[in-house]
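Let me begin by presenting the structure, written as structure tokens, before commenting on it.
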Amino acid sequence: MTDLHRLSVRELTEGLAQAKFSSRELTEHYLKRIEKVDAQVKSYVTVTAEQALAQADAADELRRAGTAGVLTGVPIAHKDIFCTQGIRTSAGSKMLDNFISPYDATVVAKGKAAGLVTLGKVNMDEFAMGSTSESSYYGATKNPWALDHVPGGSSGGSAAVVAADLAPFATGTDTGGSIRQPASFCGLTGLKPTYGRVSRYGMIAYASSLDQGGPMARSAEDCAYLMNVMAGHDAKDSTSVEKDVDDYVANLNGTSVKGLRIGIPKQYFNVAGLAADVKARVEESLKKLEEMGAILVEIDLNMTEAYVPTYYLIAPAEASSNLSRYDGVRYGYRCEDPKDIMDLYKRSRSEGFGPEVQRRILIGTYALSAGYYDAYYVKAQKVRRLIQQDFLKAFESVDVIAAPAAPTTAYKIGANLSPVEMYLGDIYTIAVNLAGLPAISAPVGFDQDNLPVGLQLIGNYWSESQLLSVVHQYQQATDWHTKRAAIAEENA
Ligand code: GLN
């Protein structure tokens, strides 16, 4: 079969179960496409062809023996922030260019246990800091819809790899929008789970109180399959929650859109930088949901203006602490010929980290320093609580909250936004992380340049099933999620 990359995850599970094709055939097909197409997209940092074929053969063996699971033999790409035993895990940084992880992240281990075949590791902004994937040490990944545009970030490789049909689905992480914004820029569906739903063990830390892994795929249905693998308590992550996991696939029709109260925050649709096309597509999608029976309710989220300053204190503060472990001593990059220990620290860190990471270490260290701690960090924590309360109050009168995933569509590569301009682009996603809530982004059309637009739905705690279900039903009634970038049409 020449079009295996066109199949949805459900179709792949069915095809494998019915022996229409083997995991080896499927894996070889994807590897061939990667070889042909990825030179243009540059989504992979590392392709693990040999290991993938061995995993595929093992999967086929399980199929023959009748002991396969649902996803046994389905390929996946992992964001290069998840530790993979024996395989480089770079986090997009020169600092970790030589880091071969001695263990698997829980998410990766769970994938292996489910029989997933790892095609490789995909590109990202350095240490997940950014919105374009351009800050990667390995260079920019291209948006499959327009190769001179960014795929978003920080999980830009995860988005590009799926949008170019170079993997059926991918893992991503979201500290302030890094699943939802690239999903939106690349016409995909991406779910940021409730904080604590997915283990962070072995996921290289950016801002630990905000980081959360999640699935990125073409549809809510495909995301549900991956969520079934990723979700769950993990004793190795003290912030992962001991709470029953839903069967996200079985629940895809579990929430009725009829009667669903969707909150429309007034403040969100008056943001200065909101592009007209984005606003129009999002409003059209809400109209569609209304036709399907949802009730649109105007709500207030009064803390909107505080989102960007609060996040850009807390995230860098935590990052500056997390990144202090990269000192050139234990592992990671070490400068040549250090004169003494101070020289070793200084040069290893200034040569190993790129400019955006250094900027955040400086901001975070400043905010945490004696004398400024109360004025910046403690204050930001207090405002964080108010932001959370603002959401909880809204959820007293609505079931989900609608927003654009991002104020614009994908930027041009090299657009050179100032840091503040870039940070303002995170306005719709970062509050969700500050509050620890789940949210999903789904494609709802295109702008005048044929670049995808994403609708975001924010849910109350642990409402992943509900979010997937609402988007699934929207996707049954529309076909935006079936549109493919031209490059994805190319056969290997
Ligand atoms: N763009 C945001 C930042 O740079 C979010 C990144 C993320 O979610 N990892 O911090």
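Numbering of ligands and ligand atoms starts at 1, following listing order.
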### Lys/Arg-Asp/Glu bridge criterion (N-O < 4.0 Å) met for D374, K379
no
### Message
As an exercise, identify every atom of ligand 1 less than 4.0 angstrom from a heavy atom of G176.
### Response
5 (C), 7 (C), 8 (O)
### Query
Can you check whether Y225 and F169 have ring centres sitting under 6.0 Å from each other?
no
### Query
Parallel, tilted or perpendicular: which fits the ring planes of Y326 and F127, with parallel below 30° and perpendicular above 60°?
tilted
### Result of checking T84, T118, V117 against T48 for side-chain contact (heavy atoms from CB on, under 4.5 Å)
T118
### Task
Could you see which bit of S154 sits under 4.0 Å from ligand 1, with heavy atoms only: side chain, backbone, both or neither?
side chain
### Query
Going by the order shown, which atoms of ligand 1 are within less than 4.0 Å of some heavy atom of A128?
6 (C), 7 (C), 9 (N)
### Query
Got a salt bridge between D447 and R281, using NZ or NE/NH1/NH2 to carboxylate O under 4.0 Å?
no
### Message
Can you report which non-hydrogen protein atom sits closest to atom 7 (C) of ligand 1, along with the distance?
### Response
S178 OG, 2.3 Å
### Task
Indicate, as side chain, backbone, both or neither, the part of F127 found under 4.0 angstrom from ligand 1 when only non-hydrogen atoms are considered.
neither
### Message
Ring-plane angle category for Y373 and Y377, please: parallel below 30°, perpendicular beyond 60°, tilted otherwise.
### Response
tilted
### Query
At under 4.0 Å between heavy atoms, which part of R360 makes contact with ligand 1: side chain, backbone, both or neither?
side chain
### Message
Out of all atoms in ligand 1, which are within 4.0 Å of some heavy atom of Y312? Include the element for each.
### Response
1 (N), 2 (C), 3 (C), 4 (O), 10 (O)
### Protein contact of atom 5 (C) of ligand 1 - nearest heavy atom, named by residue and atom, plus distance
Y311 OH, 3.4 Å
### Message
Please list the nearest protein heavy atom to atom 2 (C) of ligand 1 with its residue and the distance rounded to 0.1 Å.
### Response
D426 OD2, 3.2 Å
#### Entry: Centroid-centroid distance, Y411 to F185, less than 6.0 Å
yes
### Query
Any idea which atoms of ligand 1 are less than 4.0 Å away from a heavy-atom of S131?
1 (N)
### Summary
Per-atom filter on ligand 1: closer than 4.0 angstrom to a heavy atom of Y206 are 3 (C), 9 (N), 10 (O)
### Task
Check whether the side chains of D97 and Y138 place a donor and an acceptor atom closer than 3.5 Å, and report yes or no.
yes
### Query
So is G153 polar-close to ligand 1, meaning N/O to N/O under 3.5 Å?
no
### Under-4.0 Å salt bridge between D104 and K112
yes
### Query
With only distance considered, is M129 within less than 3.5 Å of ligand 1 through an N or O on each side?
no
